[in-house]
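Okay, so here's the structure we're looking at.
The structure presented is a predicted model; accordingly, all values stated were derived computationally and were not measured. All ligand and atom numbering here is 1-based and tracks the order in the structure.
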Amino acid sequence: MSNSIINLSRFMLEEEKKYPGASGDFTLILEQIAFASKIISREINKAGLVNIIGSTKSHNVHGETQQKLDLFCNEKMIQALDPTGKVCAMASEELDEPIGVSDKSLEGKYVVVFDPLDGSSNIDVNVSIGTIFGIYKRLDDDDCSKSLLQPGKNLVCSGYVIYGSSTMFVYTTGNGVNGFTLDPSVGEFLLSHPNIKIPQFGKIYSINESNYDRWATGIKEYVKFMRNHPDRQYTARWIGSLVADFHRNMLKGGVFLYPENNKNRKGKLRLMYEANPMAFLIEQAGGMATDGTSRILDIVPKEIHQKTPLIIGSKYEVELYLSYREKYG
Ligand code: AHM
Ligand code: MG
């Protein structure tokens, strides 16, 4: 590629050319996710204005019922993906049951999992939030009911969109991680963070310490050690939006932890559309992701909405966590 500005579409097309047999189906799916994320970004940016401009109470200017933003985002993702005809099933944090599994008319070769708006408790206070997605190939001879329950190591693509001080689209197809920043003046994602690599160690740990009394000894001892690390002055950062905490740590180095506690035995985060996509990204960036015993991407899922403890980030901090759990339980 030349030195000129590279937008997401061009980048994806260049990537597609590396696979001579590629049909373009996959690129179309990604394009559509990016398109949905632009609509979502636009909507989020005016979230605080909803009650000021036009759309009063529960109706918008078109007379439609005003939806909660996370439901709106869910709908935008489905509306973007469904017409492609390339997706035979979709699962979302906002849907009790997957879409498409029982609809035999859907013929696509791929399945998509997503959290349309993660960290949604932060919307009202103008704090960064995100969309997370993962794409799998449909399994051979599957009516689509099994294809959604593949382990993360089968992902062909995952990524997130962060709606922050700017909007960024970050994704991997197993060939490194690349980040694109939305230029609102042209409405395009432009390559701004090529080949992202997480530092092997960092200075940040991100954990909700209000759970301290509910943690196992190994987690308490780990956090105590991080507070008084002999070689580095660690600092704690907790936004409460996985995408934002993850994004910062991937760029700066460090670790994000949502471990199990005696109230939430599996932690809080969902394996299929939160932990797995992020685990694929972090490994591609040179980091690690574990639930405390297993590699996240090796976990064989039993159901779409299952939770998992998630410890994800730089190699040093994740390996240290594993050693503390082994030593102290
Ligand atoms: P959500 O999917 O309902 O938005 O919840 C997931 C979010 C993550 O983004 C974040 O890391 C976590 O919940 C914060 O949890 P807590 O409020 O326990 O700190
Ligand atoms: Mg979520």
Heavy-atom closest pair, residues I219 and P259: CD1-CB, 3.6 Å
Could you list which atoms of ligand 1 come closer than 4.0 Å to a heavy atom of N208? 16 (P), 18 (O), 19 (O)
Atom 10 (C) of ligand 1: nearest protein contact (heavy atom, Å): G240 O, 3.3 Å
Please walk me through it: do R10 and N7 pass side chain to side chain donor-acceptor pair (under 3.5 Å)? CA-CA 5 Å; R10 177 178 156 201; N7 67 359; over 6 Å; no
The Mg ion (ligand 2) - name of the N/O/S atom of E93 that sits closest to it: OE1
How far is atom 6 (C) of ligand 1 from the closest protein heavy atom, and which atom is that? D118 OD1, 3.4 Å
Which ligand 1 atoms are under 4.0 Å away from a heavy-atom of D115? 2 (O)
Name whichever N, O or S atom of E274 ends up nearest to the Mg ion (ligand 2). OE2
Which of parallel (below 30°), tilted (30 to 60°) and perpendicular (above 60°) describes Y160 and F246? perpendicular
Which of the ligand 1 atoms, numbered from 1, are nearer than 4.0 Å to a heavy atom of E93: 1 (P), 2 (O), 3 (O)
Side-chain ion pair, R295 and E283, N-O less than 4.0 Å: yes
Let me know which of L251, N178, V177 forms a side-chain contact (heavy atoms from CB on, under 4.5 Å) with V170. V177
State whether the shortest distance between N or O atoms of G119 and N or O atoms of ligand 1 falls below 3.5 angstrom. yes
Can you label the angle between the F169 ring and the F189 ring as parallel, tilted or perpendicular, going by 30° and 60°? tilted
Counting non-hydrogen protein atoms only, what is the nearest one to atom 18 (O) of ligand 1? Give residue, atom name and distance. Y258 OH, 2.5 Å
Check contact between R270 and ligand 1, using heavy atoms of the residue and a distance below 4.0 angstrom. no
Atoms of ligand 1 close to L242 [distance to a heavy atom under 4.0 angstrom, numbered from 1]: 8 (C), 9 (O), 10 (C), 11 (O)
Carefully, step by step, assess W238 and Y205 under the rule ring pair (Phe, Tyr, Trp, His ring centres under 6.0 Å). CA-CA 8 Å; W238 186 254; Y205 69 90; over 10 Å; no
I'd like to know whether NZ of K315 has more than 12 heavy-atom contacts from other residues, nucleotides or ligands below 6.0 angstrom. no
Only to 10 degrees, please: what angle do the OD1 atom of D118 and the OD2 atom of D115 make about the Mg ion (ligand 2)? 90°
I need the atoms of ligand 1 closer than 4.0 Å to a non-hydrogen atom of S241, numbered in the order shown. 9 (O)
Structural part of F256 in contact with ligand 1, heavy atom criterion under 4.0 angstrom: side chain
Note the single closest protein heavy atom to atom 15 (O) of ligand 1, along with its residue, its atom name and the distance in Å. K268 NZ, 3.1 Å
Those atoms of ligand 1 less than 4.0 Å from some heavy atom in W238: 14 (C), 19 (O)
Taking 4.0 angstrom as the limit, do K68 and E94 come out as a salt bridge? no
Any N or O on S121 sitting closer than 3.5 Å to an N or O of ligand 1? no
Pair R325 + E260: basic N to acidic O under 4.0 Å: yes
Should we count CD of E97 as having more than 12 external heavy atoms under 6.0 Å? no
